Protein chains: 2
Amino acid sequence: MLSALANPHRLRIVAALATGGRNYVSQLAREIGISRPLLHLHLQKLEAAGLVVSQLELSPDGKALNFFEVTDFGLELTPAAIAQAAKSLTDQSEQ
Amino acid sequence: MLSALANPHRLRIVAALATGGRNYVSQLAREIGISRPLLHLHLQKLEAAGLVVSQLELSPDGKALNFFEVTDFGLELTPAAIAQAAKSLTDQSEQ
DNA sequence: TACACCTGTAAGTTATTATTTACACATGAA
DNA sequence: TTCATGTGTAAATAATAACTTACAGGTGTA
């Protein structure tokens with residue numbers, strides 16, 4: 001999840017979806033100003049991290065549109081929270 | 001800050017310092033189980049992000065020890081917070 | 001002097017991410 | 001049919017990040 005958010009493009013994508021609501025890939029690519037394949041890749045990472053979800057829909061004129069929207073994730077990032085979360089990391093010595 | 005935390009080693013480092021208190025480089029490297037140069041690199045990134053601070057001290061027997069400790073950072077990671085924070089990102093079109 | 005600690009960093013290599021380009025396919029309208 | 005819209009993804013390249021190895025230098029003690 002942290003890796004997914006550690007990228008300026010992906011922060012802008014989340015921000016755009018949080019502010020402007022759900023949107024489909026091509027339109028979002030135009031609004032953010034990056035290429036569609038690149039946006040597609042970033043959306044894949046965000047979706048894999050559970051930060052956005054997608055839903056395929058048909059527009060009135062029959063085009064297939066893949067809509068994305070943000071989930072209502074929340075994460076508190078503090079030293080104590082990280083100390084707690086780090087326990088679930090694979091132990092270095094196990095590898 | 002997110003980039004700094006998007007790495008398992010650095011999460012372990014923050015966790016170790018949060019749990020065990022301040023520590024110096026060589027000792028911390030032994031406890032975490034990574035090489036000292038590698039730890040040094042990660043500590044640099046954490047310090048650059050303001051997540052840890054260092055202080056050079058002299059041990060009783062005269063050795064120079066560089067102690068690190070976590071700061072009391074805190075960050076709420078939600079869609080709304082990201083939408084707010086994204087405003088301060090350099091605009092794509094400015095580049 | 002030689003050893004055992006401590007510090008830092010530069011250089012080279014490897015691995016991972018990010019990005020572009022090009023392709024393949026579908027639908028509705030001119 | 002051709003064009004404009006939408007979808008996805010594979011492949012090659014570029015850019016970063018991570019990691020190892022090898023230095024160089026400091027102090028105190030045997």
Side-chain angles (χ1 to χ4, degrees), chain A residues 1-14 16-17 22-49 51-69 86 89-90 92-93 95, chain B residues 1-14 16-17 22-49 51-69 86 89-95:
Chain A
M1 176 171 173
L2 287 170
S3 305
L5 290 175
N7 177 285
H9 280 332
R10 291 197 287 270
L11 287 179
R12 285 192 199 96
I13 293 167
V14 170
L17 291 175
R22 62 204 300 273
N23 204 350
Y24 65 96
V25 184
S26 292
Q27 178 61 24
L28 185 57
R30 283 188 292 264
E31 290 179 7
I32 294 181
I34 65 179
S35 72
R36 190 179 53 79
L38 182 55
L39 174 61
H40 185 267
L41 178 111
H42 286 312
L43 284 171
Q44 277 187 324
K45 299 204 172 187
L46 288 172
E47 189 166 32
L51 303 176
V52 303
V53 290
S54 66
Q55 193 171 4
L56 199 63
E57 293 183 14
L58 289 178
S59 65
D61 63 340
K63 303 278 174 55
L65 305 181
N66 200 10
F67 278 87
F68 280 81
E69 62 186 321
L89 284 175
T90 306
Q92 182 82 1
S93 57
Q95 296 174 20
Chain B
M1 176 172 175
L2 288 170
S3 305
L5 290 175
N7 177 285
H9 281 331
R10 291 197 288 269
L11 287 179
R12 284 193 199 95
I13 293 168
V14 170
L17 292 175
R22 61 204 301 272
N23 203 350
Y24 65 95
V25 184
S26 293
Q27 178 61 23
L28 185 57
R30 283 189 293 264
E31 290 179 6
I32 294 182
I34 65 177
S35 72
R36 190 179 53 78
L38 181 55
L39 174 60
H40 185 267
L41 179 104
H42 287 312
L43 284 171
Q44 278 187 324
K45 297 202 173 188
L46 288 171
E47 190 167 31
L51 303 176
V52 303
V53 290
S54 67
Q55 192 171 4
L56 199 63
E57 293 183 14
L58 289 178
S59 66
D61 64 339
K63 303 279 173 57
L65 304 181
N66 200 9
F67 278 87
F68 279 82
E69 61 185 322
L89 284 174
T90 307
D91 193 329
Q92 181 82 2
S93 57
E94 290 175 11
Q95 295 174 21

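Per chain, numbering begins at 1; letters A, B, ... match sequence-line order. Please read these numbers as outputs of a predicted model, since none were measured by experiment. As a basis for the values below, the full set of heavy atoms in this structure was taken, side chains included, without hydrogen atoms, waters or symmetry mates.
In this structure, B/Leu41 and B/Gln27 both approach DNA chain C, and ranking their closest nucleotides by distance from the 5' end singles out B/Gln27.
Among residues two or more places apart in sequence or in another chain, the side-chain hydrogen bond (donor to acceptor under 3.5 Å, both in side chains) test is passed with B/Ser35 by none. Residues satisfying the ring pair (Phe, Tyr, Trp, His ring centres under 6.0 Å) criterion with A/Phe68, sequence neighbours excluded, are absent altogether. By the side-chain hydrogen bond (donor to acceptor under 3.5 Å, both in side chains) test, B/Asn23 pairs with B/Glu31, sequence neighbours left out. B/Arg22 meets the salt bridge (charged side-chain N to carboxylate O under 4.0 Å, His left out) test with B/Glu57; sequence neighbours excluded. Scored by the side-chain contact (heavy atoms from CB on, under 4.5 Å) test, A/Ala48 finds no partners at all (sequence neighbours excluded).
B/Leu89 and A/Arg12 make their closest contact through CD1-CG, 4.0 Å (heavy atoms, listed as atom of the first residue, atom of the second, distance). Residues B/Ala4 and B/Ala49 come closest through the heavy atom pair CB-CB, 3.7 Å.
Here A/Gln44 lies in heavy-atom contact (under 4.0 Å) with sugar-phosphate atoms only. Heavy atoms of A/His40 sit under 4.0 angstrom from at least one base atom.
Nucleotides of DNA chain D lying under 4.0 Å from heavy atoms of chain B occupy a range whose first and last members, 5' to 3', are D/dA17 to D/dG28. Between chain A and DNA chain C, the heavy-atom contact criterion of under 4.0 Å yields a 5' to 3' nucleotide range of C/dT17 to C/dG28.
For the segment residues 55-67 of chain A, the set of residues with a heavy atom within less than 4.0 Å of an atom of DNA chain C comprises A/Asp61, A/Gly62, A/Lys63, in numerical order.
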Indicate every side-chain donor-acceptor pair of residues 37-47 of chain B with a distance under 3.5 Å to a residue at least two apart or in another chain.
{"from": "B/His42", "atom 1": "ND1", "to": "B/Arg10", "atom 2": "NH1", "distance (Å)": "3.0"}
{"from": "B/Glu47", "atom 1": "OE2", "to": "B/Ser54", "atom 2": "N", "distance (Å)": "3.2"}
{"from": "B/Glu47", "atom 1": "OE2", "to": "B/Ser54", "atom 2": "OG", "distance (Å)": "2.9"}

For residues 59-67 of chain B, please give each side-chain donor-acceptor pair under 3.5 Å, one per line with the distance, not counting sequence neighbours.
{"from": "B/Ser59", "atom 1": "OG", "to": "B/Asp61", "atom 2": "OD1", "distance (Å)": "2.4"}
{"from": "B/Ser59", "atom 1": "OG", "to": "B/Lys63", "atom 2": "N", "distance (Å)": "3.0"}
{"from": "B/Ser59", "atom 1": "OG", "to": "B/Lys63", "atom 2": "O", "distance (Å)": "3.3"}

